[in-house]
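Please read the structure below before turning to the comments.
Both ligands and their constituent atoms are indexed starting at 1 by order of listing.
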Amino acid sequence: MTAPPARIVELGPDDALFPAWCEVWAAGQRADRPGEPPRPAQDHVALGRQLGTPGGSREGTHRAAVADDAVVGALRVILPLRDNASVAILDVAVHPDSRRRGVGSALLAEGAALAAGRGRTVLIAEVDEATPASPGRAFAERHGWTCDLLETRRDLLLPVDPARLRAVAAEAARAGGGYDVVTWRDRTPDALLEDRALLERRMTTDAPHGELPVEEEEWDGERIREYERSHVARGRTVLSAGAVTGSGRLVGFTELQVPLAQPERAHQGGTLVLREHRGHRLGARMKVAVLRELADRFPVVRRISTYNSDGNTPMVAVNEALGFRPAGRLSTWSLRQ
Ligand SMILES: CC(C)(COP(=O)(O)OP(=O)(O)OC[C@H]1O[C@@H](n2cnc3c(N)ncnc32)[C@H](O)[C@@H]1OP(=O)(O)O)[C@@H](O)C(=O)NCCC(=O)NCCS
């Protein structure tokens, strides 16, 4: 019998091995996307603590693959608790120096077993495809997973030419009478909280999800507050813009997340306009507003990354008009067990 490629051990975000667990992710990201700082360890630690805190909307567990006393692979299993009761999300990474030795397969099998033990029959995993030859795609295919959603990553280099921003804003303003665009940082104003929760529910059904076997998520004001606290704990600040009707209802939002320890690259979070309020160029107006806010408060940001399903023509059109350009892909895969 051949020896297993590595020992698999359970660990938590405050354990001595955890920095090495984070380094597995960082090493992979440095190899795949040189010139881009990897996700900071603090982000993994804060997420891990959140997943370990009872009463939240998700829980999770971590495993490390250890060979010759070094962490060579990392697994995180996330279980949604308020919805999607059959789903488990698996994050798997192997250090670039230890690939093609079966470590990834061993971690994937461990994640599948942990999920099955909790009655989860649908496994979901994401693959960042910096180049068309990404190992994650070949790995997922080899294990019989199905690609359910393909998104193109687009990056916007900052600062945006002010004339371009003015042109997009002027064109959008002509179509968007009857709505105000407001902005806030980190904490949704109380008066908009329940509407913000509805928008987040709709994100899981109205934003394109390809063939992903996921159901609408349960969001209320308290879950929005949990989400906001998790960003703060992960060292991020979140700038948001929203579209508000004359009667004070929030009917659209967009958000930008800035990692404060590495503010050069910001991330586009969700953007959504309720179906019945589409066609007024609110998406473009909100994006211009949040970009202006970003330029005022964080001129240090050099790049924003966003992910859109190729079928999401309106959102892609807004992003292209603002100057976002393709920078790889993100694929989401599933397996029923
Ligand atoms: C994807 C990843 C986890 C694979 O880890 P690994 O330890 O190298 O995987 P394994 O050795 O268990 O590979 C199992 C099989 O997957 C396929 N595979 C893995 N990497 C491959 C590559 N670069 N090219 C082609 N096939 C590949 C092969 O069929 C391989 O079997 P073989 O080596 O006998 O040919 C690793 O490359 C990684 O960390 N990538 C970045 C993170 C990521 O994409 N994770 C998504 C997981 S769904």
Side-chain angles (χ1 to χ4, degrees), residues 1-9 11 17-41 43-44 47-48 60-68 70-79 87-116 120-153 210-214 305 307 327-337:
M1 213 172 98
T2 48
R7 202 160 45 89
I8 295 183
V9 299
L11 77 172
L17 271 187
F18 205 70
W21 185 98
C22 298
E23 178 52 26
V24 168
W25 287 99
Q29 288 167 356
R30 279 193 294 268
D32 289 347
R33 292 190 182 272
E36 194 170 293
R39 187 171 165 179
D43 206 344
H44 293 292
L47 174 59
T61 184
H62 306 76
R63 297 289 182 276
V66 179
D68 298 331
V71 177
V72 295
L75 165 71
R76 172 171 47 217
V77 181
I78 299 178
L79 305 178
V87 169
I89 298 155
L90 307 187
D91 294 333
V92 180
V94 175
H95 193 286
D97 297 342
S98 301
R99 291 184 182 170
R100 301 304 289 271
R101 295 177 199 164
V103 176
S105 299
L107 287 170
L108 196 65
E110 175 79 7
L114 288 166
R120 307 285 167 143
T121 52
V122 177
L123 308 180
I124 292 183
E126 285 184 351
V127 175
D128 178 30
E129 301 193 53
T131 66
S134 126
R137 168 168 286 270
F139 177 74
E141 281 171 348
R142 162 74 181 74
H143 288 283
W145 290 54
T146 309
C147 180
D148 292 327
L149 177 64
L150 195 54
E151 294 171 288
T152 297
R153 169 174 152 182
E211 302 301 317
L212 264 186
V214 288
S305 299
Y307 296 87
R329 298 191 304 184
L330 180 76
S331 49
T332 309
W333 300 71
S334 73
L335 181 77
R336 288 180 186 277
Q337 63 172 4

Tell me, which protein residue and heavy-atom name are nearest [atom], and how many Å apart are they?
| atom | result |
| --- | --- |
| atom 15 (C) of ligand 1 | R142 CG, 3.6 Å |
| atom 44 (O) of ligand 1 | G136 CA, 3.5 Å |
| atom 39 (O) of ligand 1 | V94 N, 2.7 Å |
| atom 4 (C) of ligand 1 | F139 CD1, 3.6 Å |
| atom 23 (N) of ligand 1 | P135 CB, 3.3 Å |
| atom 41 (C) of ligand 1 | R99 NH2, 3.6 Å |

With heavy atoms of [X] as the reference, note each atom of ligand 1 found under 4.0 Å away.
| X | answer |
| --- | --- |
| A138 | 24 (N), 25 (C), 26 (N), 27 (C) |
| A93 | 39 (O) |
| E126 | 46 (C) |

Task: Among R137, E129, Q29, R100, closest by any non-hydrogen atom to atom 22 (C) of ligand 1 - done: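 Considering heavy atoms of R137, E129, Q29, R100, the nearest to atom 22 (C) of ligand 1 sits in R100.
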
Would [X] and [Y] count as having a side-chain donor-acceptor pair, cut-off 3.5 Å?
| X | Y | value |
| --- | --- | --- |
| E129 | S331 | yes |
| T61 | R63 | yes |
| D148 | T332 | no |

Task: Qualifying residue for side chain to side chain contact (heavy atoms under 4.5 Å, CB included) with D91, from V77, L107, I78 - done: I78

Below 3.5 angstrom, do we get any N/O pair linking [X] and ligand 1?
| X | value |
| --- | --- |
| G104 | yes |
| S105 | yes |
| V92 | yes |
| G102 | yes |
| R101 | yes |
| S98 | no |
| A140 | no |

Open item on the list: Among R153, R39, R33, which residue satisfies the salt bridge (Lys or Arg N to Asp or Glu O under 4.0 Å) criterion with D128?
Closed with: R33

TODO: Provide the closest heavy-atom pair for G73 versus V103 in the form atom of the first, atom of the second, distance.
DONE: CA-CG1, 4.2 Å

Open item on the list: With a 6.0 Å cut-off (strictly less than), is the heavy-atom count around CG of D97, excluding the residue itself, greater than 12?
Closed with: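 Result for CG/D97: enclosed.
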
- [ ] Could you label the plane-to-plane angle of the F18 and W21 rings as parallel, tilted or perpendicular, counting under 30° as parallel and over 60° as perpendicular?
- [x]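 Parallel, since the angle between the ring planes stays under 30°.
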
Open item on the list: Would you say that R76 contacts H44 through its side chain, given a criterion of any heavy-atom pair below 4.5 Å between the two side chains?
Closed with: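 In contact.
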
TODO: Flag the pair I124 / L212 as yes when at least one side-chain heavy-atom distance between them is below 4.5 Å, and no otherwise.
DONE: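 Yes, their side chains come closer than 4.5 Å.
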
Task: Nearest protein heavy atom under 4.0 Å from atom 34 (O) of ligand 1, yes or no - done: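 No, no protein heavy atom sits under 4.0 Å from atom 34 (O) of ligand 1.
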
Open item on the list: Taking V87's backbone N and O only, do any of them form a donor-acceptor pair with R120's side chain (distance below 3.5 Å, no angle check)?
Closed with: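 Yes, because the side chain of R120 sits within donor-acceptor range (under 3.5 Å) of the backbone of V87.
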
Open item on the list: Between ligand 1 and E141, can you find any atom pair, the residue atom being a heavy atom, that is separated by under 4.0 Å?
Closed with: no

Task: Reported CG-to-CZ distance for the pair L149 and R329, which is rounded to 0.5 angstrom - done: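 Here the rounded value is 11.5 Å.
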
